[in-house]
Novice: 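The structure is given below, and queries will be raised subsequently.
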Amino acid sequence: INMFIIDIIFIIASITDKLDGYIARSTNQITTFGKFLDPIADKILVIVSMIILVEHSKIPSWIPAIIIMREYMGKIKNGYTNDCNYIGIY
């Protein structure tokens with residue numbers, strides 16, 4: 001895949017994420033499920049982008065590894081091992 005196409009996909013995904021949050025807040029349509037899913041979608045966008053950059057040898061593999069570990073360590077430190085249990089989905 002051409003890096004230009006990857007850049008365009010990332011930009012479009014970022015804009016739609018920002019627009020979705022803006023519309024939800026401005027129309028007061030904030031849900032518990034949205035509060036749960038939006039941060040996960042943001043993390044997936046960043047991690048997948050970094051993995052693609054690793055595959056194309058643009059960044060070293062330890063960078064996404066540290067970011068993934070940081071996310072899990074934050075959950076463990078705060079005592080939340082499962083976001084679903086924390087917000088009451090399960």
Novice: Could you tell me which residues satisfy side-chain contact (heavy atoms from CB on, under 4.5 Å) with S61, sequence neighbours excluded, listed by chain and number?
Specialist: V54

Novice: Restricting to side-chain contact (heavy atoms from CB on, under 4.5 Å), what partner residues turn up for D17, sequence neighbours left out?
Specialist: D38, D42

Novice: Can I get a per-line list of side-chain donor-acceptor pairs under 3.5 Å for residues 19-31, giving both atom names and the distance, sequence neighbours left out?
Specialist:
from	atom 1	to	atom 2	distance (Å)
R25	NH1	G21	O	3.3
S26	OG	Y22	O	3.0
S26	OG	I23	O	3.2
T27	OG1	I23	O	2.7
T31	OG1	G34	N	2.9

Novice: Identify the residue among D7, I12, I5 that makes a side-chain contact (heavy atoms from CB on, under 4.5 Å) with I9.
Specialist: I5

Novice: Other than I11, which residues form its hydrophobic cluster under the rule that side-chain heavy atoms must be closer than 4.5 Å?
Specialist: I15

Novice: Once side-chain contact (heavy atoms from CB on, under 4.5 Å) is applied, do any residues pair with K58, and if so which ones, sequence neighbours excluded?
Specialist: M3, L53, H56

Novice: According to a 4.5 Å side-chain heavy-atom criterion applied to Ile, Leu, Val, Met, Phe, Trp and Tyr, with indirect links allowed, do L45 and L37 form part of one hydrophobic cluster?
Specialist: no

Novice: Who passes side-chain contact (heavy atoms from CB on, under 4.5 Å) against V46, sequence neighbours left out?
Specialist: M50

Novice: To the nearest 0.5 Å, what is the distance between CD1 on I52 and CD on E55?
Specialist: 9.0 Å

Novice: Any side-chain heavy-atom pair from I6 and F10 closer than 4.5 angstrom?
Specialist: no

Novice: Rounded to the nearest 0.5 Å, how far apart are CD1 of I67 and CD1 of I47?
Specialist: 5.5 Å

Novice: Establish whether I63 and I44 are linked, either directly or via other cluster members, by ILVMFWY side-chain heavy-atom contacts under 4.5 Å.
Specialist: yes

Novice: Please determine whether residues V48 and F4 belong to a single hydrophobic cluster, defined as Ile, Leu, Val, Met, Phe, Trp and Tyr linked transitively by side-chain heavy-atom distances below 4.5 Å.
Specialist: no

